[in-house]
Chemist: 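Let me give you the structure first, and then I'll get to my questions.
What's counted below: heavy atoms across the whole structure, side chains too, no hydrogens, waters or symmetry copies.
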Amino acid sequence: QVQLVESGGGLVQPGGSLRLSCAASGGDFHIMTMDWYRQAPGKQRELVAGITNGGTTNYATSVKGRFTISRDNAKNTVYLQMSSLKPEDTAVYYCNARWGWPSINYWGQGTQVTVSS
């Protein structure tokens, strides 16, 4: 039973920075691909960034160059460093863990990020 707990969300001004954390427990973190998704009101959930067990990363075009995903396997934690934040980044951000074929997936509860003056 894998549990994911996000933290670090909050209110930030445009141009500001925020770092989200997702702590995993109950599984073998080192074999998991970890993803960050976000969902804004009235929109579908979208993939923001991902990092494989080997450290390969990918980003949505809208955040490339501004966001950085990383992982600390010793702490079973994945991070999303967000910089140059824009109002359109406002959303609930969710952590996802997956592995295997067919894939096994687990989701966190989400953390709110609001970018506003």
Chemist: Walk me through whether V113 and T90 qualify under side-chain contact (heavy atoms from CB on, under 4.5 Å).
Modeler: CA-CA 5 Å; V113 172; T90 296; 5.9 Å; no
Chemist: Can you pull the salt bridge (charged side-chain N to carboxylate O under 4.0 Å, His left out) pairs that have at least one residue in residues 57-86, sequence neighbours excluded?
Modeler: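 Of all non-adjacent pairs touching residues 57-86, those that pass salt bridge (charged side-chain N to carboxylate O under 4.0 Å, His left out) are R66-D89.
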Chemist: Verify, without hydrogens or angle tests, whether Q109 (side chain) and E6 (backbone) share a donor-acceptor contact under 3.5 angstrom.
Modeler: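 Looks like yes, one N/O pair under 3.5 Å.
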Chemist: Enumerate donor-acceptor pairs with a distance under 3.5 Å from any side-chain N or O in residues 8-35 to protein atoms, sequence neighbours excluded.
Modeler:
residue	atom	partner	partner atom	Å
D35	OD2	R98	NE	2.7
D35	OD2	R98	NH2	3.4

Chemist: Taking all non-hydrogen atoms of both residues, which atom of N105 and which atom of S103 are closest, and how far apart?
Modeler: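 In this case the closest contact between N105 and S103 is ND2-OG, 3.0 Å.
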Chemist: For E46, enumerate each residue passing the side chain to side chain donor-acceptor pair (under 3.5 Å) test, keeping only those at least two apart in sequence or located in another chain.
Modeler: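 Only R38 meet the side chain to side chain donor-acceptor pair (under 3.5 Å) criterion with E46.
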Chemist: Sort and list the pairs that fulfil side chain to side chain donor-acceptor pair (under 3.5 Å) and have at least one residue in residues 52-61, not counting sequence neighbours.
Modeler: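 Output for this query is empty, none listed.
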Chemist: Checking one residue: Y94. Which other hydrophobic residues are in its cluster under the side-chain 4.5 Å linking rule?
Modeler: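 Cluster partners of Y94: Y37, L47, V92, W107.
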Chemist: Are L4 and Y79 joined in one hydrophobic group, where the rule is that I, L, V, M, F, W and Y side chains link up if heavy atoms are under 4.5 Å apart?
Modeler: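 Hydrophobic grouping puts L4 apart from Y79.
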Chemist: Can you tell me which residue pairs pass the salt bridge (charged side-chain N to carboxylate O under 4.0 Å, His left out) test with a partner in residues 102-117, sequence neighbours excluded?
Modeler: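 Residue pairs passing salt bridge (charged side-chain N to carboxylate O under 4.0 Å, His left out), neighbours aside: none found.
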Chemist: Please indicate whether E88 has more than 12 foreign heavy atoms, meaning atoms of other residues, nucleotides or ligands, lying under 6.0 Å from its CD.
Modeler: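 Yes, CD of E88 has more than 12 neighbouring heavy atoms, counting only those of other groups under 6.0 Å.
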Chemist: Nearest 0.5 Å please: distance from the CZ atom of F67 over to the OG atom of S83.
Modeler: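 Going from CZ on F67 over to OG on S83, the span is 8.5 Å.
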Chemist: Taking the ring centre of each residue, are W99 and Y106 less than 6.0 Å apart?
Modeler: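 Aromatic pair counts; centres sit under 6.0 Å.
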